[in-house]
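Some notes on the structure that comes next.
Per chain, numbering begins at 1; letters A, B, ... match sequence-line order. Just so we're clear, the structure is a prediction, and the values are computed from it rather than from any experiment.
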Amino acid sequence: MRFSKAFIPTQKETPADAIIPSHQLMLRAGLMRQLTAGVYMFLPLGQRALLKAMQIVREEMDAIGGQEFLYPALNPESLWIQTGRRDIPNFILSIKERELVLAPTHEEVVAWLAAMHIQSYKDLPQIWYQIQTKFRNEPRPRSGVLRGRQFIMKDSYTLDTSWEGLDKGYDLHAQAYRNIFTRCGLKFFEVGASSGAMGGTGSQEFMIESESGEDAVVRCKKCGYAANLEIATSSIPLAGRLGASKPTAEIHTPNVRTIDELASFLKADHTRLAKSLVYRHNGQPVLILMVGNDQLNESKLSAALAGGEIKAMDAQELKALTGADAGSIGPVGLRRFRIIADKRLESANNLIGGANKNDYHLGNIDMERDVTLDGYFDLRTIEDGEPCPTCSSPLKISNAIELGHIFKLGTKYSESLNVTFLDENGQVKPVVMGSYGIGIERIVACAIEQSRDEKGIIWDKALAPYLVHIIAVNMNNKDIVLASNQVYKALTEASLETLFDDRPNVTAGFKFNDADLLGMPLQIIVGEKGLRNNQVEVKIRSTNERKMVSKEDLVSEVRKLLAS
RNA sequence: CGGAACGUAGCGCAGCCCGGUAGCGCACUUGCUUGGGGUGCAAGGGGUCGCGGGUUCAAAUCCCGCCGUUCCGACCA
C-alpha cells in the first residue's frame, strides 16, 4: 500500500477522551474512530489487524473440529423471554419498531437450531462457532474498545450427549485458546472464574495482566493457584470458638457506628466482631454476617443465593423494618430476615454483634446457640497477601483484562429451549452444552497494551497490519524515488505485506515518527547515505536495531528477520 | 443508577468569574524553503461557541431545561 493513497489519519496529539495506552494509540495510529459511546469504526489499518486476529482464531477453531456459522444479530425477543434472559439488567439492547432484540451472545439461537435438527446421539458431538458482532446494553462503556456496546466476538458452542463429552469439548477449547493467544504474541494466564449470568457449572478466563484491566485476579506464585477475585478463596483462619460460651449480654456502645470504632471502643479483636449487612434478595430481606472488616463479595453472595436480584438495603428502609440504624443491626432476635453467614464464622462463639437497638451491641453471641442460620457460605473478598488456599504462600492480587472465557453450561439452555436427543436406549435426554467466547478487539487492544513504547505501537508480526514499512526519506531525490519503488515492488512480489511511505513533501522526521507510531515490525529506510553503496537500512521496530542491507539481499533478509 | 467534570475550527485548548471584535497551537490550502527524527517563512480557508428556552439594548459568557462525552463508583454476560 502506498501511504500517499492510503487513509491512515495519524495524530500527533493524544485525544482527551482516551485514558489507557491502547485506546490512545489505536486512535493516534489511525486504527479506529469512535462514533458514539462504546461504538467504534475500524479504519483500514485497524481492520487489517482485526482480520489477522480473526484468521488465527478461525484456524485454531477449525483445528479442533469447529464449524463456522453466521448467526443473526437480530433475534426474536420471545427466544430470550423463554430462557429468562430478556430481563437481565443492562444486558440486552432492543429494537423499538419490532419485537426484536440485538443478540448479546448466541446460546439461545444455537439451542433453537439444535432443537430443530439434533435428534439422535449419532448427531453429536458438535462444535459450532461464529465470529460476529455482539450488542450489549453496557451502562458504562469505557477504556476504548475494551468495553463497548458493540464488539466482535468469536463465540463457540459444544453440543454433547454427556458431561464427559462436555469436558472433552471444554478441554479442546482451552487448548485452542492457549494456541490462539500464544500465536497472537500475548502474555496471558488462566484463572478459575465465576459463570455469572451465563449459568453453568464451571468456567475459566484467559487474562492478560494490565493496570488498565477492570477484573481483579488472584494468583499464587508458588503453586500456580489462579482465580478471579469474584471466586477466589484463601486459607485465612476461621474465627472459631474461643473459650466457653458466656451468656449473651447487651453492651452500651454510644455513637459507635463502624467496625473499627467498635473494635477500639471495646478493645476487641476484629475476629470477635460479627458485622451485619442487609440486602434484599428478590425483594426478601437477608442479613449477612461477616467477620470484622471482611468485605462482602457480591458475586459470591449471588452464587450463595442461587441468582436473582440482589440489592443492598438503604438506611431508611432498614430503619423502617427493624427500628434500628445500620450500625446496630444484629442476628439475634431479628424477625422477618433470612440470615446467612460467611464460612469464617462457622460455629464461632463469644462474638459481638448489633443488638437491634441503637447504641447497643450484643456480646457473647454463639453462632450455634443464638443464631437461626440458613447456612454458611464463602462470602468474603480476599485481600492481597492472604495465604493461598492450596499451599498457604501469600497471594497476590492484580488487575487483568479478560480476553476469553469458557463455560460449562450443562443443560440450562437445552432444558429451557427443549434441546433433546434420543440416546442408544431410545431415551430422551437433554443436550449438554458448553459456551466459549473470545473478544476480537480485545486481542488487538491487549497486544498494544503489552507491546508499545513512548513512540507508539510495536506490532507482533502475527497481528501487524503490514509486516514492512518502507520510508522514502526524500521524494525529491530521483535516486531515492527509483530505489524505494524497486524495493516496494520486490517486497510486494514476494508477498510480503508492505506499507510504502511515498508521500511527497513530508519530511523524513515526520515519516520516521509516523512509522514508529504505526509500529510495523520492520522499517526499511531508503535514503541517500545507503544508496551510495546500493544499500538500504533495515530497522527492527521492537529492538531499534538497524542494519544496512544491499538491495539485492533485501527480500531474503526481510524474510529471515520475520522468521526469527 | 449514585458522584464529578467537560462540550468553543478536524485535534488539543484559552476566552466565561467581571456580558459588547471568537482566539492560540497543531492539522489543512497556496507559494517559497528544508530534506536522516514531527523544517522555516509568508499568505489563506475553516466556527449555528452542543441543543432549546429565558434575562438583557446586547449572551460563548448570566439563569432554567434537555442532549452528548468522559472520569470515579455500582453493574459487567
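Put simply, CG on A/Asp501 is 13 Å from C1' on B/G38, counting in whole angstrom units. For A/Asn476 and B/C32, the CG to P distance is 12 Å, given to the nearest whole Å. Rounding to whole angstrom units, CE of residue A/Met548 and P of B/G36 are separated by 14 Å. Atom-to-atom, CG of A/Asn505 to P of B/U33 comes out at 11 Å; the value is rounded to the nearest Å. Put simply, CE on A/Met153 is 12 Å from C1' on B/C76, counting in whole angstrom units. When rounded to the nearest whole Å, the span between NZ of A/Lys539 and C1' of B/G36 equals 11 Å. In this structure, A/Met475 places its CE atom 19 Å from P of B/U33, rounding to the nearest Å. The separation between A/Ile19 atom CD1 and B/G73 atom P is 12 Å, rounded to whole Å.
A/Arg2 forms no cation-pi arrangement with A/Phe500, by the criterion of a distance under 6.0 Å to the ring centre and an angle within 45° of the ring axis.
Under the Watson-Crick and G-U wobble criteria, each requiring two contacts below 3.5 Å, nucleotide B/C6 is paired to B/G68. Across all strands shown, nothing is found opposite B/U56 as a Watson-Crick or G-U wobble partner with both distances under 3.5 Å. Nucleotide B/C18 has no partner under the Watson-Crick or G-U criteria, as no pair reaches both atom distances under 3.5 Å. In this structure B/U29 sits in a base pair with B/A43, meeting the Watson-Crick or G-U test at under 3.5 Å. For B/C1, the paired nucleotide is B/G73, the pair qualifying as Watson-Crick or G-U wobble because both relevant distances are below 3.5 Å.
Listed pair A/Thr507 / B/U39 meets the phosphate criterion, a side-chain N or O lying under 4.0 Å from OP1 or OP2. For the pair A/Gln11 and B/G38, the criterion of a side-chain N or O lying under 4.0 Å from OP1 or OP2 is not met. For A/Thr36 and B/U69, the shortest distance from a side-chain N or O to OP1 or OP2 is below 4.0 Å.
Comparing B/G36, B/C71, B/C75 against the side chain of A/Asn90 picks out B/C75 as the nearest. The side chain of A/Arg147 sits closest to B/C76 out of B/G36, B/C76, B/U69. If you check B/C76, B/A74, B/G38 against the side chain of A/Leu517, the one that comes closest is B/G38. Side chain of A/Lys455, nearest nucleotide from B/G73, B/G37, B/U69: B/G37. Nearest nucleotide to the side chain of A/Ala37, out of B/G35, B/G12, B/U70: B/U70. Nearest nucleotide to the A/Glu214 side chain, out of B/C76, B/G36, B/G12: B/C76. When each of B/G37, B/G36, B/U69 is scored by its nearest atom to the side-chain atoms of A/Asp516, the top-ranked nucleotide is B/G37. If you check B/C75, B/C71, B/G37 against the side chain of A/Asn513, the one that comes closest is B/G37.
Donor-acceptor pairing under 3.5 Å, judged by distance alone, is present between the side chain of A/Asp514 and the base of B/G38. For B/G36, the base has no donor-acceptor partner in the side chain of A/Glu528 [N/O atoms by modelled type, under 3.5 angstrom]. No donor-acceptor contact under 3.5 Å links the side chain of A/Arg142 to the base of B/C71.
Centroid-to-centroid, the aromatic rings of A/Phe407 and A/His405 come within less than 6.0 Å.
Counting any heavy atom pair closer than 4.0 Å across all strands shown, A/Gln34 reaches sugar-phosphate atoms only and no base atom. Here A/Arg33 lies out of heavy-atom contact (under 4.0 Å) with every strand. Here A/Phe135 lies out of heavy-atom contact (under 4.0 Å) with every strand.
Counting non-hydrogen atoms of neighbouring residues, nucleotides and ligands closer than 6.0 angstrom, the CH2 atom of A/Trp112 reaches no more than 12 such neighbours. Under a cut-off of 6.0 angstrom, the local environment of CD in A/Glu211 is sparse, with at most 12 non-hydrogen atoms contributed by other residues, nucleotides or ligands.
With A/Trp128 contributing its side chain and A/Asp155 its backbone, the two residues share no donor-acceptor pair below 3.5 Å.
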* **Contact state string [nucleotides 22-30 of chain B, B base, S sugar-phosphate only, - no protein heavy atom under 4.0 Å]** => ---BS----
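Along RNA chain B, the nucleotide nearest to A/Glu230 and the one nearest to A/Lys511 differ in position, and the one closer to the 5' end is contacted by A/Lys511. Comparing A/Thr14 and A/Pro141 by the nucleotide of RNA chain B whose heavy atom lies nearest to each, the residue mapping closer to the 5' end is A/Thr14.
Using C1' as the reference atom, B/A27 and B/C66 are 33 Å apart when rounded to the nearest Å. Spacing between B/A59 and B/G37 at atom C1', rounded to whole Å, works out to 48 Å. For the P atom pair drawn from B/G2 and B/C11, the interatomic distance equals 30 Å after rounding to whole Å.
The stretch residues 14-38 of chain A participates, sequence neighbours left out, in these ring-ring contact (aromatic ring centres under 6.0 Å, His included) pairs: A/His23-A/Tyr40.
Using modelled atom types, one finds a donor on one side chain and an acceptor on the other under 3.5 Å when comparing A/Lys154 with A/Tyr177.
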* Would you please test A/His173 and A/Met61 for side-chain contact (heavy atoms from CB on, under 4.5 Å) and show each step? => CA-CA 8 Å; A/His173 275 84; A/Met61 290 309 300; 3.3 Å; yes
* Asked: Is there a salt bridge (Lys or Arg N to Asp or Glu O under 4.0 Å) between A/Glu13 and A/Arg28 once you walk through the steps?
  -> CA-CA 7 Å; A/Glu13 286 178 290; A/Arg28 288 224 295 132; over 6 Å; no
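Screening A/Phe135, A/Tyr71, A/Tyr129, A/Tyr157 for a ring pair (Phe, Tyr, Trp, His ring centres under 6.0 Å) involving A/His106 leaves a single residue, A/Tyr71.
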